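What follows is one structure encoded as structure tokens, with my remarks underneath.
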Protein chains: 2
Amino acid sequence: MESSSATAGVSTRREATRQKLYEAAVTLIAEQGFSATTVDEIAERAGVAKGTVYYNFASKSVLFEELLRHGVGLLTTSLREAAESTARAGGGKVDALDAMIRAGLVFIERYPAFTQLYVAELWRTNRAWQSTLMVVRQEAVAVVEGVLREGVENGEFSEEIDVPLTAAALVGMVLVAALDWQSFQPERSLDDVHAALSRLLQGRVSGRRG
Amino acid sequence: MESSSATAGVSTRREATRQKLYEAAVTLIAEQGFSATTVDEIAERAGVAKGTVYYNFASKSVLFEELLRHGVGLLTTSLREAAESTARAGGGKVDALDAMIRAGLVFIERYPAFTQLYVAELWRTNRAWQSTLMVVRQEAVAVVEGVLREGVENGEFSEEIDVPLTAAALVGMVLVAALDWQSFQPERSLDDVHAALSRLLQGRVSGRRG
DNA sequence: CTTTTTGAACTGACTGGTCAGTGCAAAAAT
DNA sequence: ATTTTTGCACTGACCAGTCAGTTCAAAAAG
């Protein structure tokens, strides 16, 4: 019956079960897609009875929605921390962007399945969790947009840049490069990938020096 | 009594039906995903009986695979033409990249649903059409990689760039920016979006001039 | 010509299987 | 003592794929 128990954060047992279900669901859905993944499979992979899934989540869709919220929450936090820590260290906005690229890569390295699933769902329309997705997406992109906007204000970035579009392009750059890294050349190190993206960000691709 | 009519390539009727089915399938699958889209829906939207789908395609998966091949083929052709036409006009590799960005945007503007669906499926594993997808992906990315490699050879690009990774990042930049454009600010013009991406590509974001 | 035949293309009712979600009593954990 | 989990049988909707039958334009026959 408890609704949010006093201090020690909502009954550990339940939370542990939920976590197991998230983990099971995220890989299965990343591999197969939402509709092709059955509740029985999720329960089995989590090592839990089917009834438990429904004891913990109202429906398959709700499980998925909360998974999305949870995952993007982690990403957003991580991006924000990256930006703030460079600010504290007295770095400029370029450093902040660079740190956020790295934070993005670290996130994708740690949660590749979640990233896959997120990308696969992001531009779909007509789906139950569409609005949830829009909200969490905006939270994450807003962090990047914020840094860009501050950079324009303090003169570090050109006033001509299109903040939302550039933010989207940066996110896309990291996302797709990282997914390709994971899928097609997983032996590469994170530093390698980070260096390549840094170079691209700073326009050192068409650079005149060898 | 004819079996495949003399010259005029495989009965027009059949080809027209297939085309209608592609068009119906592409929007539905982009919106809902492969598994959530029923063959009945596809048939209905195409204005055709369900049996006709199976008369023309061996299965739902095969229909989808041929759709993928067809669509990526169009994109690849378009990218190649863009690169070649700048070459013929005596432009450098930066111009080629820029033209390819534009070609990508034009493609996405014309076939937004296909693009959506392609992105959503690209990083999935364990799916029937996985291998098909890898092949067509490589065809498209190879065009970008080719231009980058030539640019490195002729000294226009730094030798330090990581060709496959940079190619993936560029594709991602265009893809995500364009999908965001379509989804969240469709009123923007293609030229606008192109300009923003060009600026990013040429490192004129963190430029020192206002 | 006119009639008949042919066969590719198409139709839609039907089948067999799958799956989300339910119900509930008993067991385990806290 | 209460919350959480289990196990499992059950239901009803839904859906991929099938198949016997229809349509019709063009070819062959008369």
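Keep in mind that this is a model prediction, so the values were computed, not measured. By convention in this document, chain letters (A, B, ...) are assigned in the order of the sequence lines, proteins followed by strands, and residues within each chain are numbered from 1. FYI, side chains are in, hydrogens and waters are out, and symmetry mates aren't considered; it's all heavy atoms of this structure.
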Side chains of [X] and [Y], donor plus acceptor under 3.5 Å:
X       : Y       : value
B:Gln19 : B:Glu23 : yes
B:Gln32 : B:Thr37 : yes
A:Thr27 : A:Arg45 : yes

Within the structure, does a side-chain N or O atom of B:Arg14 lie under 4.0 Å from either OP1 or OP2 of C:dA9? yes
Any side-chain N or O of B:Ser59 less than 4.0 Å from the OP1 or OP2 oxygen of D:dA16? no
Distance check needed: [N] [atom2] versus [X] [atom1], whole Å only.
X       : N      : atom1 : atom2 : result
B:Phe64 : D:dA16 : CZ    : P     : 14 Å
A:Tyr55 : C:dA27 : OH    : P     : 18 Å
A:Tyr54 : D:dC10 : OH    : P     : 19 Å
B:Lys20 : C:dT11 : NZ    : P     : 8 Å
A:Arg18 : D:dT3  : CZ    : C1'   : 13 Å
B:Leu21 : C:dC10 : CG    : P     : 9 Å
B:Glu44 : C:dA13 : CD    : P     : 13 Å
A:Phe57 : C:dT22 : CZ    : C1'   : 18 Å

Mind checking [X] for me? I need base, sugar-phosphate or nothing, with any heavy atom below 4.0 Å counting as a touch.
X       : result
B:Thr52 : base
A:Ser61 : nothing
B:Val48 : sugar-phosphate

Discussion item. Could you report the tightest heavy-atom contact between B:Leu68 and B:Phe114, atom names first, then the distance?
Written reply: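 Taking B:Leu68 first and B:Phe114 second, the nearest heavy atoms are O-CZ, 3.7 Å.
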Worksheet item: Nearest to the side chain of A:Thr38 - C:dC10, D:dC15, C:dA20?
Response: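 Output: C:dA20.
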Please pick, from C:dA20, D:dG7, D:dA16, the nucleotide with the shortest atom-to-atom distance to any side-chain atom of A:Val39.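 Of C:dA20, D:dG7, D:dA16, C:dA20 is nearest to the side chain of A:Val39.
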Using a 4.5 Å cut-off on heavy atoms from C-beta on, say whether the side chain of B:Val26 contacts that of B:Gln116. no
- Check: D:dG7 base within 3.5 Å donor-acceptor of A:Lys50 side chain: no
Note to self: Counting distance alone, no hydrogens or angles: does the base of D:dG17 have a donor or acceptor under 3.5 Å from a partner atom on the side chain of B:Lys60?
What the structure shows: no
